[in-house]
Amino acid sequence: MLEVKDISVRYGQHSALDRMSLQVAPGEIVVMLGANGAGKTSLLKALGGMVPAQPGARATLNGVDLMKLPQHDIVNAGLALVPEGRGVFGQLSVKDNLRLGALPKRARAGEAQMLERIVSLFPKLNLRMSQTVRTMSGGEQQMVAIGRALMSHPDILLLDEPSLGLSPLVCRELFSALRRIRELGIGVLLVEQNARQSLAIADRGYVVETGRVVGEGKAQALLHDPAVRKAYLGAA
Ligand code: ATP
């Protein structure tokens, strides 16, 4: 279980996150909705140890305090981040990108088993293990990025806008893969602009405005919430 309490991020004088609290349970998809600049990426970066959180934040994963750990130990604690723009190594093959994902200590023993799972989640990758990643489509690169994160055997997977720039068909494939990742017992925190499709697969959601949680609830309830419909689902 990921439990975050009162996390704040500042860039100089600018407050990007203001005492945000949230939880993600194993085998749960939680979506985070919010306009551009609401602070969603800052939250994921702070949890992944890429930007410092302000003192007073608590973020525990299975009881381990992530806020005290350097970045590589955060992965070893069970948290994996797929950043916006994917963060894959374009000049390397699919296989090498996946291997790099298995470098953390917690991943080594189960490398072959996880590789099998990733191939069954994304069968297309199996045919392209030797292909250089930069020659692949955006959707395929996103699969590599998610596969690489899964190689670290995460308990919680953080995804920043994975559907950005993908065609509707590829988006459907991606969201259906996320459902299957949930079935593996992994908790997924999903930052998405695509509110309709992400709420359709999610269990719960949070609505973020200017660095604060302004709404939360079951995904189905958010889908029918008039304010959410107006702001994020294009309803009149
Ligand atoms: P988007 O969907 O556009 O990525 P977001 O909800 O992920 O938005 P963040 O990227 O977390 O939002 O940004 C939150 C706020 O912090 C914004 O006002 C942004 O301009 C500011 N910000 C983000 N990164 C930095 C930085 N490195 N230096 C200064 N300000 C930053």
Side-chain angles (χ1 to χ4, degrees), residues 2-24 29-59 61 66-67 70-71 74-75 79-88 138-139 141-142 145-146 149 154 156-168 170-171 174-175 178 187-202 204-217 219 222-223 225 227-235:
L2 173 69
E3 291 182 284
V4 180
K5 195 155 171 15
D6 288 337
I7 194 164
S8 302
V9 171
R10 301 186 68 86
Y11 302 104
Q13 291 302 303
H14 179 76
S15 166
L17 268 196
D18 186 15
R19 297 182 52 193
M20 197 183 277
S21 298
L22 64 121
Q23 296 183 345
V24 184
I29 298 179
V30 175
V31 64
M32 179 153 290
L33 303 175
N36 286 335
K40 308 174 301 292
T41 298
S42 298
L43 170 72
L44 299 192
K45 283 185 173 168
L47 292 175
M50 294 155 77
V51 300
Q54 292 293 302
R58 249 180 88 71
L61 176 52
L66 302 177
M67 295 286 97
Q71 215 172 325
I74 291 176
V75 181
L79 192 92
L81 168 64
V82 180
E84 197 174 344
R86 302 172 194 131
V88 285
Q141 291 192 24
Q142 191 59 256
I146 294 173
I156 301 285
L157 184 63
L158 311 179
L159 296 163
D160 199 353
E161 308 262 8
S163 79
L164 201 69
L166 304 186
S167 71
V170 179
C171 276
L174 170 77
F175 285 108
L178 296 185
V188 177
L189 179 58
L190 176 63
V191 163
E192 259 299 332
Q193 295 284 339
N194 189 338
R196 196 177 298 277
Q197 268 182 304
S198 51
L199 283 172
I201 62 157
R204 291 188 305 112
Y206 293 91
V207 182
V208 183
E209 277 174 20
T210 54
R212 295 203 177 104
V213 172
V214 296
E216 61 179 284
L222 291 175
L223 260 175
D225 180 293
V228 170
R229 290 175 65 80
K230 187 157 182 272
Y232 302 104
L233 300 170

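All values reported here derive from a predicted model rather than from experimental measurement. Note that ligands are numbered from 1 as they come in the structure, with each ligand's atoms numbered from 1 the same way.
- With hydrogens left out, the protein atom closest to atom 10 (O) of ligand 1 is Thr41 CB, 3.6 Å, a heavy atom.
- Of the protein's non-hydrogen atoms, Ser42 OG, 3.6 Å is the one closest to atom 9 (P) of ligand 1.
- Numbered from 1 in the order shown, with element, the atoms of ligand 1 that lie under 4.0 Å from a heavy atom of Ala35 read 6 (O).
- Looking at atom 18 (O) of ligand 1, its nearest protein heavy atom turns out to be His14 NE2, 3.0 Å.
- Residues Leu159 and Leu189 have side chains not in contact (no heavy-atom distance under 4.5 Å, counting atoms from C-beta outward).
- With a 6.0 Å radius and a threshold of 12 heavy atoms from other residues, nucleotides or ligands, Arg19 has its CZ atom at or below the threshold.
- Within the 4.0 Å heavy-atom cutoff, Gly211 does not count among the residues contacting ligand 1.
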Residues Val4, Arg58; criterion side-chain contact (heavy atoms from CB on, under 4.5 Å); working and verdict: CA-CA 6 Å; Val4 180; Arg58 249 180 88 71; over 6 Å; no
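- When each atom of ligand 1 is checked for a heavy atom of Glu161 under 4.0 Å away, the hits are 2 (O).
- There is a side-chain donor-acceptor pair under 3.5 Å between Glu192 and Ser163.
- Per-residue contacts place Gln193 under 4.0 angstrom from the following atoms of ligand 1 (heavy atoms of the residue considered): 2 (O).
- Looking only at protein heavy atoms, the nearest one to atom 14 (C) of ligand 1 is Gly37 O, 3.4 Å.
- Between Ser8 and Met20, the closest side-chain pair of non-hydrogen atoms is not below 4.5 Å.
- In this structure, Lys45 does not count as a contact residue of ligand 1, since none of its heavy atoms falls inside 4.0 Å of the ligand.
- Close approach of ligand 1 to Glu84 is summarised as follows: ligand atoms under 4.0 Å from at least one heavy atom of the residue are 4 (O).
- At least one side-chain heavy atom of Leu2 sits under 4.5 Å from a side-chain heavy atom of Leu66.
- The presence of a protein heavy atom under 4.0 Å from atom 20 (O) of ligand 1 is ruled out.
- The Ala16 neighbourhood of ligand 1 comprises atoms 14 (C), 15 (C), 16 (O), with distances under 4.0 Å to a heavy atom of that residue.
- Nearest non-hydrogen protein atom to atom 26 (C) of ligand 1 is Tyr11 CD2, 3.5 Å.
- Side chains of Ile7 and Ser21 form no contact here, defined as non-hydrogen atoms less than 4.5 Å apart.
- Annotation for Glu209: atom CD does not count as buried by contact number, only 12 or fewer foreign heavy atoms lying within 6.0 Å.
- For the pair Ser167 (side chain) and Val170 (backbone), a donor-acceptor distance under 3.5 Å is present.
- For ligand 1, the atoms sitting less than 4.0 Å from at least one non-hydrogen atom of Ala38 are 5 (P), 6 (O), 12 (O), numbered in the order shown with element in parentheses.
- Looking at ligand 1, you won't find any N or O of Leu43 less than 3.5 Å from one of its N or O atoms.
- Residue contact check for ligand 1: Gly39 places a non-hydrogen atom closer than 4.0 Å to it.
- Side-chain contact between Leu190 and Val30: absent, with no pair of heavy atoms (C-beta onward) separated by less than 4.5 Å.
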